[in-house]
Amino acid sequence: MFKEVSSQFTFAEKEKQILEFWRENDIFQKSMEIYKDAPPFVFLEGPPFANAPPGVHHVLARIMKDAVCRYKTMTGHYVHRKAGWDTHGLPVEYQVEKQLNITNKAELEAYGVQNFIEKCKENVFQYEQDWRQMTERIGFWVNLDEAYITLSNDYIESVWWVLRQAWDKDLLYQGHKVQPYCYRCGTTLASHEVALGYQEVADPSIFVRFPLKNKENTYLLVWTTTPWTLPSNVAVAVGEDYDYVAVEEGDGRHLILAKECVPGLFGDEPPQIVENYKGEDLCDWEYEPLFDGGQHPEMSHYIVSGDFVTTTEGSGLVHIAPAFGQDDYEIGQKHGLPLVQLVGPDGRFVPEVKDVWAGEYVKDADPKIIENLDGRGLLFKAAEYTHQYPFCWRCDTPLLYYARESWFIRTTAIRDQMHQHNQQINWYPEHIKDGRFGNWLENNIDWGLSRERYWGTPLPVWVCDDCGDPHCVGSIAELKELGTDVPDDIELHRPYVDDVVLDCEKCGGTMHRVQDVIDCWFDSGCAHTAQWHYPFENKEMLEQAYPADFISEAIDQTRGWFYSLLATGTLLYDKPAYKNCLCLELIMGPDGQKMSKSRGNTVDPWTILNGQGADAMRWYMFTATTPWTPRAFKTEGIDEALKKFMGTLQNVYSFFVMYANLEQVDVLQDAPPVSERATVDRWILSRLHTLIDRVRDEMENYHLTNAPRAIEAFVDDLSNWYVRRSRDRFWGAEAGPDKHAAYATLYEVLVTVTKLAAPFVPFLADELYRNLVCSLNTEAPLSVHLAEYPVADVPLKDAQLEADMDFTREVISMGHAARNRSGIKTRQPLAEITLGGLSDAEKATVNRLADLIHDELNVKAIAFTENLDAFAQVTLKPNFKVLGPKYGKGVQAIAKAFASADAVALKAELEAAGSLQVEASGETYTLEPSEVDVQTQNREGFFVEADARKFVALSTELTHELTLEGLAREFVNKIQNMRKEADFNVSDRIKLSLDTTSSLVDEAFQVHQDYILRETLTTVVVDTPGENAFTVAQKLNGEPATLSVEQV
RNA sequence: GGGCUUAUAGCUCAGACGGUUAGAGCGCGCGCCUGAUAAGCGCGAGGUCCCUGGUUCGAUUCCAGGUAGGCCCA
């Protein structure tokens, strides 16, 4: 016996019970243990931050990972599922600063680095409980209790080891780089951080006269949008190949600028050109520094050539300040120009500057500098310039491009290897490989690793105070060996490691650590190694678990985690870090706009989890769209998943359980072999095994949308065709082979579908499985997640039968349409349908499945006709696909000829002669039958449904017999309704009485009495109804009849 | 500004090696069923396949250029 299936439940409640069951029985642990010795499938979890509550996009990522892992487990793999937490980095510091009301580094230092670090540790797990609850509730099986945590000593030690490997390979170096810098945060920003903060702003746009040396009254016209960098100017760049001119300004002064820029700057009154130059002519010309203090030991203030110079904006002369621009810095290196840095790390002019803007914040200095230049007659023009400018994504401070000392990983040295490894990765969707990710690798620059911050993995580089020799420490053991008085339980964070001093091996001097911490992307990028505390522990583990088979994160990780994993993996092992990468797109709000609090279009996952439940949310996310398409998240979509798929499956399941219990059928016994079962049985089993192959194929290719969509289509067929066509086999029928076949078939199908769907809807699947399987077999695995994924039984697949069924259903659908048009209800039997336009093979198909058509359309006979014209409107069209390649242009002429010809006559000619002569554009074409398409269309006034090439026509004439039979069906229908209204039980036997003045009704009742009594469980027919009888005056097809029913 | 990507019915999505009647679900309308009932079924109406140009006998499909959305980068 199966457990009764109540109709009083919510999926969400059931899910909670299943969760309880999983917990109590350690199902997750068991699902790993049973495959302990099986081939591993390596999943690597991308660590999230737990300092904010999880959102729907996290749910998306987690269920995708979960479905793959569950599938791989069920197909016989050991899938270790270690969770991870990302913990370091600026976002955490920023939150803590806000909480403590700290706005700059000085305040932070005053508060105390140690205190600050401790606060960061708390902050980082602020929402861990939320994450745990969400993770469990959505059914994401991952082991949170053995999570790797990037702030742990073990993890950091492994990262240090990785850095040491880079150091030993000369891939870790210190350099200068102009970097986007936030003076408020006191740190440079990584490129992906910069990208977060572009805003449109208006900056000053000024054209300045630079006085030339040795050329009276002649000036270079130089453009800049950052006046504050002018005091640090050391050169001016021109384009070698551009044309430059000196123009007369009107007051005797001459201005040199690019020829192409003249119209833009002088407009309608073109100045007089007094001289022409090529860019290269101007090189090495010297000019006067704009401000005092502009003298340097190195040669400076002359014209150089730069390939970045354009004439589309500005003047074709570019001001060079190597400390404040990447191009500037590079050209400075090339020419040995001095690095003039008149701005401090606090974003203010250094006190050494003698001008009024000393100590000023640079953007505030802009107007003063402009005023100064204007006062000296050096300002040619000042305006505003609107452009995209980066701001600090945390504090909204405009970033400065600023040369800082910085540490780098020389990724450019391994670019080719990274490219090769990328080629070996399967990307989903595929275009990421050579598109977004490939492009990014091609344009790779060295990884700016260091951050001048506090909360992160400390850069393990110590530098000697005396001789300046640097050393990179690769382990705690080494630290203790080289350091003096290193505490036994040293914590590898600032400020603790800052206190450790080493003895210099070169000169015996004292070494202090470089103050920087590292980019937290490097932390998570080491996950493949550091999660195992490799190489200090788990040596054999790494060999097994590298590279990962599968990772999945959102697409914004292309330049984040996807990259950092690949870079570190290439650096360490010269192998790709992962084999398959599923890139998820972002989730938009219901309005299709990016989800954000400020827009108010966020969706709280808990509302859904507590309402429709986790499975519904999962199913929606899997099936609504491919995960790599940005999706608008709609709760109506979840309702649809709930009704369409889960509701349907649940209904079939409860239908099965209800009758299996009622009829006491032993589904495991007495089932005839499949070959002896009914056609519908063989059909649904064939469909099932085709489905198994399909789902496996899709899953092997990480098509997590196609697989469940195929399951959904199957369940629809199961419910709306198999069960619908087989209903009476389950309850009315005598016990016997056919009844057993029906039960056995539906049982097999349900159990198999349950397993197929388990990776996607783990709760519902287990609910069904445990009742269907575990109720009968105590030896069976406790949970569907411990069961094996179905394997197709190839001999059960019957492609012909499936195609036949598709065709038959198409015919039936057209028959329904014709009936609808006729207005004759399905309950009324009709004598015949006529089918036209069918091939011989199709006729054979119809004959094979004729029973289905008879039943479904309630017709007595099926006839075929070749006389299409008698029922439908016939047209002839050339078969373009065949004729196109053959006749080219002629096709259009033939089409025209067909359009104006008499289709019926042409068709007759074609049939009589076996071919067709067509005159078109003066030529005669001979067409074979295969080159002509006969098409049909509905014709008015017939109960006919035609599609492009066939039709179904209905005979609507009713004989006396058919009328009586229709009435009999009416009887049954009305009586059944009355039973229900009177609240009788399904199995109650009744007394029936009939009172009618219609001889037709009376005759129908007499002729079909057996049928009527059987269908309505009537045991006694009485002349006069009893006192308690339930009596209704009915109309049966318009004929009066008063019916009474009463329980026996 | 550059790269990648998307654009098909009111909504969410399929699809077509280029072939002349482009599909599904939801929603809507009409009807059916009532022994699967927080149901179920059938039918119908909905489309300039984003725009413009090109290639072709034929383009919604291929190519180019736009427009709009998304992501990434400057």
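Every chain is numbered from 1 and lettered A, B, ... according to where its sequence line falls, protein lines coming before strand lines.
- By the side-chain contact (heavy atoms from CB on, under 4.5 Å) test, Phe984(A) is found to be paired with Arg979(A), Ala982(A), Asp988(A), Ile990(A), Val1045(A), Gln1047(A), residues two or more places apart in sequence or in another chain being considered.
- Asp446(A) and Thr412(A) share a side-chain donor-acceptor pair at under 3.5 Å.
- Side-chain atoms of Lys877(A) lie closest to U20(B) of the nucleotides U20(B), G35(B), C72(B).
- Residue contacts for Val882(A): at a heavy-atom cut-off of 4.0 Å it reaches no nucleic acid atom on any strand shown.
- Contact check for Phe898(A) versus Val932(A): side-chain heavy atoms found under the 4.5 Å cut-off.
- Considering only side-chain atoms of Arg979(A), the nucleotide from G35(B), A39(B), C71(B) that sits closest is G35(B).
- For A68(B), the paired nucleotide is U6(B), the pair qualifying as Watson-Crick or G-U wobble because both relevant distances are below 3.5 Å.
- Map Phe9(A) and Asp988(A) each onto its nearest nucleotide of RNA chain B; the residue landing nearer the 5' end is Asp988(A).
- Residue-environment remark: NE2 (His419(A)) stays at or below the threshold of 12 foreign heavy atoms within 6.0 Å.
- G65(B) and G46(B) are spaced 38 Å apart, taking the P atom of each and rounding to whole Å.
- Looking at Ser719(A), its side chain comes within 3.5 Å of the base of A36(B) through a donor and an acceptor atom.
- For Phe656(A) and A39(B), the CZ to P distance is 24 Å, given to the nearest whole Å.
- At whole-Å resolution of the value, CG in Leu954(A) and C1' in C43(B) are 14 Å apart.
- Of the N and O atoms on the side chains of Tyr401(A) and Asp328(A), not one donor lies less than 3.5 Å from an acceptor on the other residue.
- In this structure G46(B) sits in the syn conformation; its chi angle is within 90° of 0.
- U21(B) is unpaired under the Watson-Crick or G-U wobble criterion, no partner having all donor-acceptor distances under 3.5 Å.
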* Step by step, work out the ring pair (Phe, Tyr, Trp, His ring centres under 6.0 Å) result for Tyr659(A) and Phe730(A). => CA-CA 7 Å; Tyr659(A) 287 110; Phe730(A) 288 93; 7.7 Å; no

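- Contact check on Glu698(A) versus Arg709(A) returns no salt bridge, with no Lys/Arg side-chain nitrogen under 4.0 Å from an Asp/Glu carboxylate oxygen.
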* For nucleotides 54-63 of chain B, read 5' to 3', which letter fits each nucleotide if B means a protein heavy atom sits under 4.0 Å from the base, S means only the sugar-phosphate is that close, and - means neither? -> ---BS-----

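- A gap of 22 Å separates the P atoms of U37(B) and C32(B), to the nearest Å.
- The distance from atom NZ of Lys950(A) to atom P of U21(B) is 16 Å, rounded to the nearest whole Å.
- In the set C71(B), U34(B), G40(B), G40(B) carries the atom at the smallest distance from any side-chain atom of Asn720(A).
- No more than 12 heavy atoms of other residues, nucleotides or ligands shown are found within 6.0 angstrom of CD1 on Ile445(A).
- G40(B) sits 49 Å from U52(B) when the C1' atoms are compared, rounded to a whole Å.
- Tyr653(A) comes within 4.0 angstrom of nothing in the nucleic acid, heavy atoms only.
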* To do: Go through the steps to decide whether His854(A) and Val859(A) satisfy the test side-chain contact (heavy atoms from CB on, under 4.5 Å), and finish with yes or no.
  => CA-CA 5 Å; His854(A) 289 143; Val859(A) 293; 4.2 Å; yes

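- C41(B) and C49(B) are spaced 32 Å apart, taking the P atom of each and rounding to whole Å.
- Of all nucleotides present, only G44(B) satisfies the Watson-Crick or G-U wobble test against C28(B), with each distance under 3.5 Å.
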Please output the side-chain donor-acceptor pairs of residues 945-953 of chain A that fall under 3.5 Å, not counting sequence neighbours, one pair per line with the distance.
{"from": "Glu945(A)", "atom 1": "OE1", "to": "Arg821(A)", "atom 2": "NH1", "distance (Å)": "2.8"}
{"from": "Glu945(A)", "atom 1": "OE1", "to": "Arg821(A)", "atom 2": "NH2", "distance (Å)": "2.9"}
{"from": "Asp947(A)", "atom 1": "OD1", "to": "Arg949(A)", "atom 2": "N", "distance (Å)": "3.0"}
{"from": "Asp947(A)", "atom 1": "OD1", "to": "Lys950(A)", "atom 2": "N", "distance (Å)": "2.9"}
{"from": "Asp947(A)", "atom 1": "OD2", "to": "Lys950(A)", "atom 2": "NZ", "distance (Å)": "3.0"}
{"from": "Arg949(A)", "atom 1": "NH2", "to": "Gly837(A)", "atom 2": "O", "distance (Å)": "3.4"}
{"from": "Arg949(A)", "atom 1": "NH2", "to": "Glu842(A)", "atom 2": "OE1", "distance (Å)": "2.9"}
{"from": "Arg949(A)", "atom 1": "NH2", "to": "Glu842(A)", "atom 2": "OE2", "distance (Å)": "3.2"}
{"from": "Lys950(A)", "atom 1": "NZ", "to": "Glu810(A)", "atom 2": "OE2", "distance (Å)": "2.5"}

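- Nucleotides A16(B) and A22(B) place their C1' atoms 8 Å apart, quoted to the nearest Å.
- Residue-level contact check: Ile824(A) touches neither bases nor backbone, having no heavy atom under 4.0 Å from any strand.
- Side-chain contact of Gln612(A) with Asp639(A): a donor-acceptor pair under 3.5 Å is present, judged by distance alone.
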Polar atom pairs (N or O), protein with nucleotides 23-26 of chain B, under 3.5 Å:
{"from": "G25(B)", "atom 1": "O2'", "to": "Glu640(A)", "atom 2": "OE2", "distance (Å)": "2.9"}

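- Listed candidates were G44(B), C71(B), U34(B). Nearest to the side chain of Ala817(A) is G44(B).
- Checked against the 6.0 Å centroid criterion, the rings of Phe11(A) and Phe9(A) qualify as a close aromatic pair.
- Here A36(B) presents its P atom at 15 Å from CG of Leu750(A), a figure rounded to the nearest Å.
- Between the side chains of Asp434(A) and Trp427(A), no donor-acceptor pair is found at a separation under 3.5 Å.
- Under the side-chain contact (heavy atoms from CB on, under 4.5 Å) criterion, Asp717(A) pairs with Trp683(A), Arg687(A), Arg809(A), not counting sequence neighbours.
- Taking atom CG on Asp947(A) and atom P on U20(B), their separation rounds to 14 Å, with Å as the unit.
- Under the 6.0 Å cut-off for aromatic ring centres, Phe562(A) and Trp440(A) do not qualify, their centroids lying 6.0 Å or more apart.
- Taking atom CG of residue Asp716(A) and atom C1' of nucleotide G42(B), one finds them 13 Å apart after rounding to whole Å.
- At whole-Å resolution of the value, CD in Gln935(A) and P in G19(B) are 15 Å apart.
- The nucleotide C49(B) finds no pairing partner, because no Watson-Crick or G-U wobble arrangement with both distances shorter than 3.5 Å includes it.
- Atom C1' of A9(B) sits at a distance of 10 Å from the matching atom of G23(B), rounded to the whole Å.
- Nucleotides U48(B) and A36(B), compared at atom P, are 42 Å apart to the nearest Å.
- Across all strands shown, U56(B) forms no Watson-Crick or G-U wobble pair with both key distances under 3.5 Å.
- Rounded to an integer number of Å, the gap from CG of Leu399(A) to P of A74(B) is 12 Å.
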* Structure fact -> Nucleotide by nucleotide, nucleotides 4-17 of chain B touches protein heavy atoms under 4.0 Å in the pattern (B base, S sugar-phosphate only, - none) BS-----SSSS--B

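- With a 3.5 Å ceiling on both atom-pair distances, U34(B) lacks any Watson-Crick or G-U wobble partner.
- Distance noted for atom P between U60(B) and G1(B): 30 Å (whole Å).
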